[in-house]
There are 4 protein chains.
Amino acid sequence: MQLGMVGLGRMGANIVRRLMRSGHQCVVFDRNPEPGKALAAEGAIAAADLAGLVAGLQAPRHVWLMLPAGAITEAAIQELAGLLAPGDVIIDGGNAFWKDDIRRAGELRDKDIAYLDVGTSGGVWGLERGYCLMIGGPKDVVERMDPIFAALAPGLGDIPRTPGREGRDDRVEQGYLHAGPNGAGHFVKMIHNGIEYGMMQAIAEGFDILRHADSDQLPPEHRMTLDVAEIAEVWRRGSVITSWLLDLTATALAADETLSGYSGYVEDSGEGRWTVQAAVEEAVPAEVLTAALYTRFRSRQDHTFAEKVLSAMRKGFGGHVEPKKGPAA
Amino acid sequence: MQLGMVGLGRMGANIVRRLMRSGHQCVVFDRNPEPGKALAAEGAIAAADLAGLVAGLQAPRHVWLMLPAGAITEAAIQELAGLLAPGDVIIDGGNAFWKDDIRRAGELRDKDIAYLDVGTSGGVWGLERGYCLMIGGPKDVVERMDPIFAALAPGLGDIPRTPGREGRDDRVEQGYLHAGPNGAGHFVKMIHNGIEYGMMQAIAEGFDILRHADSDQLPPEHRMTLDVAEIAEVWRRGSVITSWLLDLTATALAADETLSGYSGYVEDSGEGRWTVQAAVEEAVPAEVLTAALYTRFRSRQDHTFAEKVLSAMRKGFGGHVEPKKGPAA
Amino acid sequence: MQLGMVGLGRMGANIVRRLMRSGHQCVVFDRNPEPGKALAAEGAIAAADLAGLVAGLQAPRHVWLMLPAGAITEAAIQELAGLLAPGDVIIDGGNAFWKDDIRRAGELRDKDIAYLDVGTSGGVWGLERGYCLMIGGPKDVVERMDPIFAALAPGLGDIPRTPGREGRDDRVEQGYLHAGPNGAGHFVKMIHNGIEYGMMQAIAEGFDILRHADSDQLPPEHRMTLDVAEIAEVWRRGSVITSWLLDLTATALAADETLSGYSGYVEDSGEGRWTVQAAVEEAVPAEVLTAALYTRFRSRQDHTFAEKVLSAMRKGFGGHVEPKKGPAA
Amino acid sequence: MQLGMVGLGRMGANIVRRLMRSGHQCVVFDRNPEPGKALAAEGAIAAADLAGLVAGLQAPRHVWLMLPAGAITEAAIQELAGLLAPGDVIIDGGNAFWKDDIRRAGELRDKDIAYLDVGTSGGVWGLERGYCLMIGGPKDVVERMDPIFAALAPGLGDIPRTPGREGRDDRVEQGYLHAGPNGAGHFVKMIHNGIEYGMMQAIAEGFDILRHADSDQLPPEHRMTLDVAEIAEVWRRGSVITSWLLDLTATALAADETLSGYSGYVEDSGEGRWTVQAAVEEAVPAEVLTAALYTRFRSRQDHTFAEKVLSAMRKGFGGHVEPKKGPAA
């Protein structure tokens with residue numbers, strides 16, 4: 001099958017590579033010509049611009065965008081919508097906001113262009129492990145593109161099958177899911193990332209407590225020095241919390257159990273924020289997913305204004321004068 | 001009435017002053033002789049040591065400790081227990097852990113020495129406003145010391161009376177409460193401080209959001225610059241959140257609405273931690289009181305180890321490399 | 001001065017009454033004719049519809065809406081915009097979403113109609129205590145309406161003045177604030193309510209821990225029975241947490257310290273949710289304000305789906321079978 | 001090697017079975033004679049009481065306790081301490097509080113009896129998968145018992161090895177770790193369970209938001225019905241949150257995606273509470289681990305007293321009367 005790919009960053013380029021390994025033909029484009037050249041050397045057709053990419057595809061065309069969410073994706077879709085013909089398909093594989101998908105799909109539908117929102121998980125490992133795909137959009141289009149999704153997904157692998165799934169959709173066990181109408185793909189991916197934040201924070205807090213088991217806040221007879229790298233490793237086998245995130249933690253701690261190469265400044269992407277917004281809109285309590293997000297907000301500041309307000313009140317009622325600077329972490 | 005006061009820091013000295021204003025006689029002691037001299041000039045009798053303090057009081061003696069909680073208070077009680085006679089009373093007005101009160105009261109009871117635990121709120125303002133007192137211990141001793149408590153408490157003042165209190169204990173409206181048996185005084189004070197942490201954090205977070213209403217995280221058409229000092233002031237009249245803590249916030253912001261004199265490093269005292277422990281022991285969910293405590297823990301670190309673990313995982317699955325340093329708060 | 005009032009629920013009707021006490025003339029309208037009749041008997045002019053209300057006012061007209069936020073307010077503004085003339089003013093005193101204010105103000109500006117968003121705090125007590133007003137909109141309109149705002153605000157009262165406010169806007173001490181451009185009024189009111197949620201939750205959790213001080217989760221020697229009504233009362237004098245919310249708690253507990261008349265089902269209004277959204281948009285951590293909101297979400301469910309997922313996992317890894325029903329609260 | 005096992009519940013009996021599969025000899029005892037008989041039929045020696053168990057072992061004896069934490073374990077250790085001889089070893093494989101381990105180890109050391117605390121993870125799956133073991137105690141005893149630990153641990157299995165572990169302790173990759181001195185084993189197990197709570201809650205909240213994607217709190221154009229069983233399944237392959245807990249969730253949802261067989265009442269064991277206490281003692285912020293615990297506390301009540309306090313305040317300031325009963329979850 002043929003696919004156009006717009007945006008050849010790490011994710012986009014590796015998706016192209018994984019598709020070509022399965023015999024699919026890819027026409028590719030990126031504003032930066034370098035990654036297109038590299039992929040052309042591996043068998044892709046590199047276009048010079050979006051018009052060229054569209055011209056290089058046979059109708060009905062399938063154009064997958066792997067671009068930063070927001071204005072850049074929006075602009076590319078606008079331009080593509082002017083180039084494509086009725087019956088063509090735009091796939092947004094980036095991290096779009098699900099309400100934008102619903103809006104966009106409606107706008108494109110007016111032009112008889114179909115739209116799929118495909119939440120794509122897999123990161124830098126996807127080329128080898130495959131990508132977990134969460135797809136929103138019209139059933140017929142999803143089915144027509146099945147060869148693409150099947151090629152990208154991880155497949156059954158050696159993961160034990162879930163008992164009791166007899167009679168259910170086989171594609172899901174391969175690692176791709178038609179989650180529902182437009183918006184559903186990115187909604188499910190958003191929640192995936194929300195859970196990811198929460199699981200990461202749970203692991204992170206646990207290791208923080210382990211590392212401070214020798215804290216002088218504890219009475220001397222209760223202090224102990226623990227080897228966090230060994231602890232991460234032992235939990236990988238037979239424990240309840242075995243997980244890929246724990247595997248990654250074990251790898252990082254094996255390299256340097258102080259993690260001194262990391263500043264502790266942690267970015268967040270839109271999905272964590274949108275997850276909290278969805279919880280609030282649905283009136284679902286989501287303490288853990290929210291706390292995980294707020295921890296990242298806090299990590300990027302020296303001090304919050306809130307903390308200064310606390311100090312000011314403490315001085316006001318108790319005359320407390322806080323130290324100018326705390327001890328190192 | 002006569003009272004011995006051990007510990008003449010700001011709280012202890014001002015309690016003595018407020019008692020003397022009501023005609024009570026105070027025998028005072030502190031390891032540092034200066035505050036005792038100052039109080040002697042105002043009418044107190046300064047003792048040179050605990051033995052002298054005990055010798056200066058008529059039986060039954062009432063000795064109030066206003067010392068740092070923990071080892072220092074514990075040592076003073078041990079020494080006093082050897083000096084006092086059956087029928088005498090030790091009052092701990094500091095911030096003891098309520099389980100220590102229960103233990104201590106039992107130990108002293110074996111020597112026929114009574115013990116009161118008196119949670120004392122009022123801070124630097126107590127001398128003028130009076131002290132809110134939460135008292136744990138035997139009823140007869142609490143009643144015998146009523147003149148002391150009545151003198152320390154704020155009294156009715158101009159605070160409107162709570163409707164529906166007819167027939168209830170009049171002392172409570174004066175600002176002092178016999179809360180229950182030993183431990184109850186400090187238990188109630190502990191929860192007071194727990195609530196204090198939570199209310200402070202609520203106010204602090206609100207002002208943090210106000211102050212960042214001009215954040216570049218918002219689209220330009222939604223940004224606005226708000227005057228947090230004026231906002232604190234306007235809420236002091238007719239709003240639902242009128243409170244002393246808001247008054248103090250307004251005062252601090254009127255002086256400097258950037259609070260640039262505060263580092264943002266915030267101490268916590270034992271009560272906040274004990275409140276969380278009590279919640280956990282009772283299996284009562286206490287999200288807000290706990291979050292308020294954790295914010296203070298976080299404020300005293302440059303970065304947590306947990307944050308570094310997050311970054312390490314992010315690098316592991318997504319190749320994300322976090323900045324070395326964040327923007328200023 | 002003349003004011004039109006649309007929406008004569010408790011808030012709207014009492015605002016009219018407070019204005020008439022100061023000699024202002026009010027033309028009023030509500031779909032339900034009863035409250036208009038009642039106010040007419042007190043001196044207001046009751047209109048039969050919006051057109052009648054507009055006809056009853058002299059230009060430039062000032063029409064205050066006190067309607068449920070959302071579609072009802074939106075519809076009334078649309079209708080009014082067609083009836084009013086350039087130079088007239090619409091004031092939304094309800095609980096609108098601040099981004100809607102910004103949008104609406106722009107739409108009305110195109111018709112030369114001014115718009116004010118006025119966050120109004122005071123609840124059922126406003127008629128007597130006055131209303132705390134947080135105003136967003138153009139400076140000249142705010143100044144022209146000063147007599148209205150001054151009449152509604154609580155005034156200085158017997159609240160001590162904040163030291164260090166010399167040279168600042170005197171109106172703020174009266175209890176009304178021109179917070180900024182359109183949207184600022186409701187933004188500030190939103191944060192007020194967010195803080196209100198957090199302070200309420202802090203108080204509520206504290207009393208929950210107090211009430212369970214006799215829990216059988218504690219060892220027998222640590223259990224105590226505490227009188228929560230008396231504790232609320234004693235904290236009203238001289239403690240750090242004195243506040244109107246504590247006063248209200250004391251009143252409720254004096255009437256029935258078990259609060260058995262309350263189910264524990266707690267509504268939330270939009271402001272709490274919008275506060276969390278603003279925090280997330282600004283990337284400001286707001287643990288306490290968010291936890292307070294989530295507690296309310298949780299209070300309205302028998303059980304969450306999340307809890308069932310937990311039980312299912314526990315059965316999966318440990319064979320744990322949870323009880324069908326828990327003990328009473 | 002020989003091992004005595006006291007406590008033949010599911011965990012204890014399966015540990016015995018797994019040891020016998022590797023050729024170890026087990027002398028077993030339980031107050032209930034049935035499981036001992038069953039194990040005797042499989043090759044164990046069933047003792048009639050602790051004295052009989054001790055008599056059945058050759059010095060130096062190794063007696064493993066797999067009993068409920070607290071008084072029962074404490075009593076068994078007291079009795080055993082009187083029966084064993086210098087050089088013998090007691091192993092507590094249950095879920096003891098780590099500070100109790102430190103105390104007990106000291107008491108037993110006075111009698112020349114060694115003590116190991118062994119956190120044991122594996123649940124009902126341990127017999128087949130093996131047990132993840134976290135061991136605290138003296139190095140020589142841990143090394144002497146290596147054949148036992150090696151037989152119980154899962155072994156390398158087909159789990160990929162962590163890169164960069166060259167030169168580290170090989171035993172850890174087999175799934176057992178000498179974590180440190182007495183207390184360290186249960187400390188590490190405690191944190192494992194704390195993380196487990198947090199990860200479970202993250203997954204649970206995510207599925208709660210997914211399930212309410214059709215909520216009438218959302219505008220109609222944004223509602224969608226999602227198949228949570230299929231979503232759990234697709235995330236098992238190639239996603240970032242692949243984990244055993246997700247596998248278990250997928251199994252439960254495949255059986256019944258409404259989870260209607262679960263009430264939503266969720267127990268907690270001591271480890272979650274102790275984790276929070278450790279965080280508080282160390283002054284480490286642990287928002288997520290704590291929120292996960294509080295959710296369980298909340299799940300076991302119809303309504304909290306805190307919620308009633310909220311309603312009482314809302315009635316006080318706003319006249320709000322809450323519904324008597326909420327809608328079903």
Side-chain angles (χ1 to χ4, degrees), chain B residues 121-122 129-132 154 159 162-165 172 175 177 180-181 184 188 191-192 194-196 198-199 201-203 205-206 208-210 212 215 217-218 224 226 230-231 233-244 250-251 254-255 278-279 281-284 286-289 291-292, chain C residues 121-122 129-132 154 159 162-165 172 175 177 180-181 184 188 191-192 194-196 198-199 201-203 205-206 208-210 212 215 217-218 224 226 230-231 233-244 250-251 254-255 278-279 281-284 286-289 291-292:
Chain B
S121 183
R129 295 197 349 160
Y131 297 92
C132 178
I159 295 171
T162 297
R165 280 193 51 81
V172 182
L177 168 69
V188 173
I191 299 299
H192 167 274
I195 293 174
E196 174 193 301
M199 289 176 63
Q201 183 67 21
I203 293 170
E205 291 178 3
D208 208 347
I209 303 172
L210 289 171
H212 287 88
S215 167
Q217 301 256 336
L218 299 172
M224 52 183 92
L226 299 172
E230 297 294 50
I231 292 168
E233 182 64 26
V234 80
W235 286 344
R236 296 184 65 226
R237 286 180 181 78
S239 93
V240 174
I241 62 172
T242 52
S243 55
W244 192 39
T251 301
E281 279 191 275
E282 294 180 5
V284 167
E287 281 292 354
V288 157
L289 305 190
Chain C
S121 184
R129 296 198 346 162
Y131 298 92
C132 179
I159 295 171
T162 297
R165 278 192 54 77
V172 183
L177 168 70
V188 173
I191 299 299
H192 167 275
I195 294 174
E196 173 193 301
M199 288 176 62
Q201 183 67 20
I203 293 170
E205 290 179 3
D208 208 345
I209 303 172
L210 288 171
H212 288 88
S215 167
Q217 301 256 337
L218 298 172
M224 53 182 91
L226 299 172
E230 297 294 52
I231 292 168
E233 182 64 26
V234 81
W235 287 343
R236 297 183 64 227
R237 286 180 182 77
S239 92
V240 175
I241 62 173
T242 52
S243 54
W244 191 40
T251 301
E281 279 191 275
E282 294 179 5
V284 168
E287 280 292 353
V288 156
L289 305 190

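Predicted, not measured: the structure shown is a model, and the values here were computed from it. Just so it is clear: chains get the letters A, B, ... in the order the sequence lines come, proteins before strands, and each one is counted from 1.
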What is the minimum heavy-atom distance between [X] and [Y], and which atoms define it?
{"X": "B:Q217", "Y": "C:E281", "value": "CB-O, 3.2 Å"}
{"X": "B:G238", "Y": "C:C132", "value": "C-CB, 3.7 Å"}
{"X": "C:R237", "Y": "B:P154", "value": "O-CG, 3.5 Å"}
{"X": "B:I209", "Y": "C:L289", "value": "CD1-CD1, 4.1 Å"}
{"X": "B:V188", "Y": "C:W235", "value": "O-CZ2, 3.3 Å"}
{"X": "C:Q201", "Y": "B:V288", "value": "CG-CG2, 3.4 Å"}

Margin query: Given heavy-atom pairs under 4.5 angstrom as the criterion, report whether the side chain, backbone, both or neither of B:A250 touches chain C.
Written below: both
[atom1]-[atom2] distance between [X] and [Y], expressed to the nearest 0.5 angstrom:
{"X": "C:L218", "Y": "B:E282", "atom1": "CG", "atom2": "CD", "value": "5.0 Å"}
{"X": "C:I191", "Y": "B:L210", "atom1": "CD1", "atom2": "CG", "value": "5.0 Å"}
{"X": "B:L177", "Y": "C:E230", "atom1": "CG", "atom2": "CD", "value": "6.5 Å"}

Which residue out of [options] racks up the most heavy-atom pairs below 4.5 Å with chain B?
{"options": "C:S121, C:G198, C:A278", "result": "C:S121"}
{"options": "C:G180, C:G130, C:P163, C:A292", "result": "C:P163"}
{"options": "C:P181, C:A255, C:G175", "result": "C:G175"}

Next item on the list: Could you give me the CA-CA distance, side-chain angles and deciding distance for B:I159 and C:T242, then say whether side-chain contact (heavy atoms from CB on, under 4.5 Å) is met?
Entry: CA-CA 10 Å; B:I159 295 171; C:T242 52; 5.7 Å; no
Check: Could you walk me through whether C:E205 and B:V284 pass the side-chain contact (heavy atoms from CB on, under 4.5 Å) check?
Finding: CA-CA 8 Å; C:E205 290 179 3; B:V284 167; over 6 Å; no
Item checked: Donor-acceptor contact present, side-chain C:H192 to main-chain B:V240, <3.5 Å ->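 A pair under 3.5 Å: yes.
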Note to self: Restricting to side chain to side chain donor-acceptor pair (under 3.5 Å), what partner residues turn up for B:T251, sequence neighbours left out?
What the structure shows: none
Check: Which bit of C:S215 is near chain B, if near means a heavy-atom gap under 4.5 Å: side chain, backbone, both or neither?
Finding: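 For C:S215, the contact with chain B is made by the side chain alone.
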Note to self: Going by the rule side chain to side chain contact (heavy atoms under 4.5 Å, CB included), which residues pair with C:R129 if we only count those two or more places apart in sequence or in a different chain?
What the structure shows: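 Result, side chain to side chain contact (heavy atoms under 4.5 Å, CB included) vs C:R129: C:W125, C:W244.
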Next item on the list: Mind ranking B:A291, B:A279, B:S239, B:A283 by heavy-atom pairs under 4.5 Å with chain C and telling me who comes out on top?
Entry: B:S239
